[in-house]
Amino acid sequence: MARVRTWLQILALVAALRYSSVQVEAQLMVGFYRTRNCLYAEAIVRQTVTAAINDDPSVAASLIRMLFHDCFVEGCDASILLDASPQNPVPEKDAVPNVSIRGFEVIDAAKAALEKTCPSTVSCADIIALAARDAVELSGGQSFNMPTGRLDGTVSSADSAASSLPSPLSSTIELTQMFLEQGLSQDEMITLSGAHTIGSTTCKQIMSRIYGFDGTKTGVDPNIDFDYALYLRRLCPEDGNTSRSVPLDSVSPNKFDNMYYMNGITGRVLFPSDTTLFEDGQTQFASKLNSQNEDLWEVKFANAMVHMSSIKVKTAWPDQRGEVRLNCRVTNAGK
Ligand code: HEM
Ligand SMILES: *[C@@H]1O[C@H](CO)[C@@H](O)[C@H](O)[C@H]1NC(C)=O
Ligand SMILES: CC(=O)N[C@H]1CO[C@H](CO)[C@@H](O)[C@@H]1O
């Protein structure tokens with residue numbers, strides 16, 4: 001009896017998830033702000049992002065990662081932008097995996113420009129999604145339509161960030177599970193990991209793979225190409241400054257191409273969570289395919305970005321959980 005009840009609960013949950021995701025996708029739409037009298041919403045974001053990237057190309061990677069982190073924690077609702085406040089002393093922004101997200105000032109600049117042209121109209125969540133889309137294209141990736149119509153959330157917590165975001169030490173099974181929990185497939189997980197074709201990390205994140213690695217004479221993780229490890233050791237000397245930056249893709253660090261997968265098949269990716277995609281029998285084949293067919297991967301990447309950016313979006317008016325924030329760093333109630 002208890003077992004039957006459990007099954008019924010699972011079925012009900014599956015039905016509910018289905019229903020809610022269908023509803024959500026029906027409500028986001030390409031060009032939403034044209035229907036809200038804000039013809040130039042996307043152009044204004046684009047202009048701001050272009051200026052920021054011209055000024056500092058490394059901003060592109062941060063903006064793409066920002067969308068990933070926003071969407072995986074409480075849905076794509078700009079919760080990642082909220083600053084600490086007395087009511088919410090430890091927001092998502094301050095969670096451990098978030099330490100290095102940058103680019104908040106680009107979102108602020110776009111929001112300020114939008115508030116002048118279309119007051120209280122364009123959500124911060126949509127700005128994040130559009131900025132990430134533009135960052136892909138401006139770094140040489142595919143251009144694609146990004147549906148809009150998200151509302152901004154009113155909750156943000158470091159705890160949920162810590163539990164929903166994958167760790168760079170995750171295995172294929174763990175990565176797959178975490179993406180599935182967000183409604184994304186294993187293939188989408190592999191496809192989206194290709195974003196590690198731009199951007200950087202710091203030495204401290206990789207030291208344990210290139211020095212004193214357990215059980216090897218060289219001290220290097222045997223899943224890393226040895227010449228690549230020597231190159232990394234030059235960038236990150238053993239007793240040097242571990243805050244120095246290391247490109248995720250050492251071949252074309254600022255170009256949004258499929259080099260991540262080419263690097264991966266030769267053991268030249270940085271995190272265990274990258275390496276596993278090329279070593280595990282479940283993911284090896286798809287990773288290799290992405291290395292061989294850049295056009296296919298670019299299209300899959302665009303589709304997966306659109307899918308990711310629909311995770312648990314808030315679109316219904318009026319709804320206490322959703323609003324168009326006036327300042328992306330605080331909720332309209334001042335929290
Ligand atoms: C599959 C699970 C993933 C893990 C475990 C992971 C982990 C990481 C880690 C540890 C960093 C370095 C952060 C730092 O040291 O500053 C990083 C950087 C980055 N990640 Fe991921 N990531 C994953 C998936 C994704 C996805 C889905 C995207 C976007 C679609 C993404 C985009 C990026 C970008 C662009 C950077 C460079 C950021 C910068 O230069 O500021 N990652 N990731
Ligand atoms: C370490 O490197 C970072 C980034 O390059 C720099 O900001 C910092 O000042 C350096 N610290 C020391 C002690 O040299
Ligand atoms: C730079 C930054 O915001 N660091 C924070 C990251 O998260 C830890 C743990 O919550 C905080 O102690 C840091 O201040």
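In listed order, ligands and their atoms are each counted from 1.
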Give a yes or no answer on whether the side chain of Glu174 reaches the backbone of Pro166 with a donor-acceptor pair at less than 3.5 Å. no

Write out the residue and atom name of the closest protein heavy atom to atom 15 (O) of ligand 1, then the distance separating them to 0.1 Å. Thr201 OG1, 2.5 Å

Report the nearest protein non-hydrogen atom to atom 4 (C) of ligand 2: residue, atom name, distance rounded to 0.1 Å. Ser243 O, 3.8 Å

Hey, which atoms in ligand 1 end up nearer than 4.0 Å to a heavy atom of Phe179? 1 (C)

Under-4.0 Å heavy-atom contact with ligand 1, by part of Leu248 that carries it: side chain

At what distance is the nearest protein heavy atom to atom 24 (C) of ligand 1, and which residue and atom is it? Phe68 CE2, 3.4 Å

About how many Å separate CD of Glu74 and CD1 of Ile80, when rounded to the nearest 0.5 Å? 11.0 Å

Using a 4.0 Å cutoff against the non-hydrogen atoms of Ser193, which atoms of ligand 1 qualify? 1 (C)

In the protein, what heavy atom is nearest to atom 6 (C) of ligand 1, and what distance, to one decimal place, separates them? His196 CE1, 3.5 Å

Nearest protein heavy atom to atom 14 (O) of ligand 2: under 4.0 Å? yes

Which of the atoms in ligand 1, numbered in the order shown and given with their element, are less than 4.0 Å from a heavy-atom of Ala195? 28 (C), 29 (C), 30 (C), 31 (C), 32 (C), 35 (C)

Compute whether any side-chain donor of one residue and acceptor of the other, for Thr276 and Ser171, lie under 3.5 angstrom apart. no

Check ligand 1 against Ser167 and write out every atom of the ligand that is under 4.0 Å from a heavy-atom position of the residue. 5 (C)

Can you confirm whether or not the ring centre of Phe256 sits under 6.0 Å from the ring centre of Phe301? yes

Please compare Ala304, Pro253, Ser200, Ala61 and report which has the shortest non-hydrogen distance to atom 35 (C) of ligand 1. Ala61

Hey, are Gln282 and Gln186 close enough side-chain-wise for a donor-acceptor pair under 3.5 Å? yes

Short side-chain to backbone donor-acceptor contact, Arg244 and Lys204, under 3.5 Å: no

For atom 16 (O) of ligand 1, the closest protein heavy atom turns out to be Ser100 OG, 2.6 Å

Based purely on interatomic distance, does Asn241 place a nitrogen or oxygen under 3.5 Å from a nitrogen or oxygen of ligand 2? yes

Distance only, no hydrogens: is a donor on one side chain within 3.5 Å (strictly under) of an acceptor on the other, for Thr275 and Asn223? no

At what distance is the nearest protein heavy atom to atom 19 (C) of ligand 1, and which residue and atom is it? Arg65 CD, 3.2 Å

Show the atoms of ligand 1 that are less than 4.0 angstrom away from any heavy atom in Ser62. 41 (O)

Do Tyr40 and Tyr33 have ring centres separated by under 6.0 Å? no

Does Asp187 pair with Lys300 as a salt bridge, N-O distance under 4.0 Å? yes

Would Phe278 and Tyr260 count as a close aromatic pair, with their ring centres under 6.0 Å? yes

Numbering the atoms of ligand 1 from 1, which are under 4.0 Å from a heavy atom of Arg102? 41 (O)

Could you list which atoms of ligand 1 come closer than 4.0 Å to a heavy atom of Ser273? 5 (C)

Can you tell which of Gly103, Pro168, Pro166, Ala135 gets a heavy atom nearest to atom 3 (C) of ligand 1? Pro166

State, with a plain yes or no, whether a side-chain heavy atom of Thr148 is found less than 4.5 Å away from one of Val30. no

Does the protein put a heavy atom under 4.0 Å from atom 11 (N) of ligand 2? yes

Give the atom numbers and elements of ligand 1 that come within less than 4.0 Å of a heavy atom of Leu175. 1 (C), 2 (C)

Give the residue, atom name and distance (to 0.1 Å) of the protein heavy atom nearest atom 9 (C) of ligand 1. Phe271 CE1, 3.4 Å

Between the main-chain N or O of Leu296 and the side-chain N or O of Asn293, is there a donor-acceptor pair closer than 3.5 Å? yes

In terms of ring plane angle, is the pair Phe271 and His196 parallel, tilted or perpendicular, where the classes change at 30° and 60°? perpendicular

